[in-house]
Amino acid sequence: MAQRRSGRRRKLAPGAPFYDWVRNRLIYWCWSPEQIAARLRLMHLDDLSQRISHEAIYAAIYAQPHGGLKALMIEALRRAEPSN
């Protein structure tokens with residue numbers, strides 16, 4: 001609801017042109033949001049509308065409603081191993 005009131009549309013939401021592509025790279029290919037953003041920049045050099053920042057990818061992951069898909073996406077994010 002707050003998103004609708006703010007007038008801003010999220011670039012990466014279900015139904016967005018490259019949402020499934022980003023989701024698949026996160027979950028199945030285990031790419032980081034930085035790798036995904038870099039690949040989109042390379043794939044769409046002249047089309048800024050087909051790019052997304054890694055920050056927007058992180059925001060989209062954490063904005064997902066609670067459930068299995070959100071858990072899969074968060075689990076797919078890389079984490080540094082804690083040092084002993």
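By the criterion of side-chain heavy atoms lying less than 4.5 angstrom apart, applied directly or through intervening Ile, Leu, Val, Met, Phe, Trp or Tyr residues, F18 is not grouped with L42; the two fall into different hydrophobic clusters. Residues L48 and L40 fall into different hydrophobic clusters, defined by Ile, Leu, Val, Met, Phe, Trp and Tyr side chains chained together at heavy-atom separations under 4.5 Å.
Residue pairs meeting the side chain to side chain donor-acceptor pair (under 3.5 Å) criterion with at least one partner in residues 12-24, sequence neighbours excluded, are Y19-Q64, D20-R23.
Listed here is the closest heavy atom pair of L12 and V22: CD2-CG1, 3.8 Å. Scanning both residues, I57 and A37, for their nearest heavy atoms gives CD1-N, 4.2 Å.
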* To do: Mind running side-chain contact (heavy atoms from CB on, under 4.5 Å) on W29 and Q35 for me, showing each step along the way?
  => CA-CA 11 Å; W29 295 36; Q35 287 175 306; over 6 Å; no
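The side chain to side chain donor-acceptor pair (under 3.5 Å) check on D47 picks up S49, with sequence neighbours excluded. With sequence neighbours left out, the side chain to side chain donor-acceptor pair (under 3.5 Å) criterion links E55 to S53.
When atom types are taken as modelled, the side chain of R51 and the backbone of M43 share no donor-acceptor pair closer than 3.5 angstrom.
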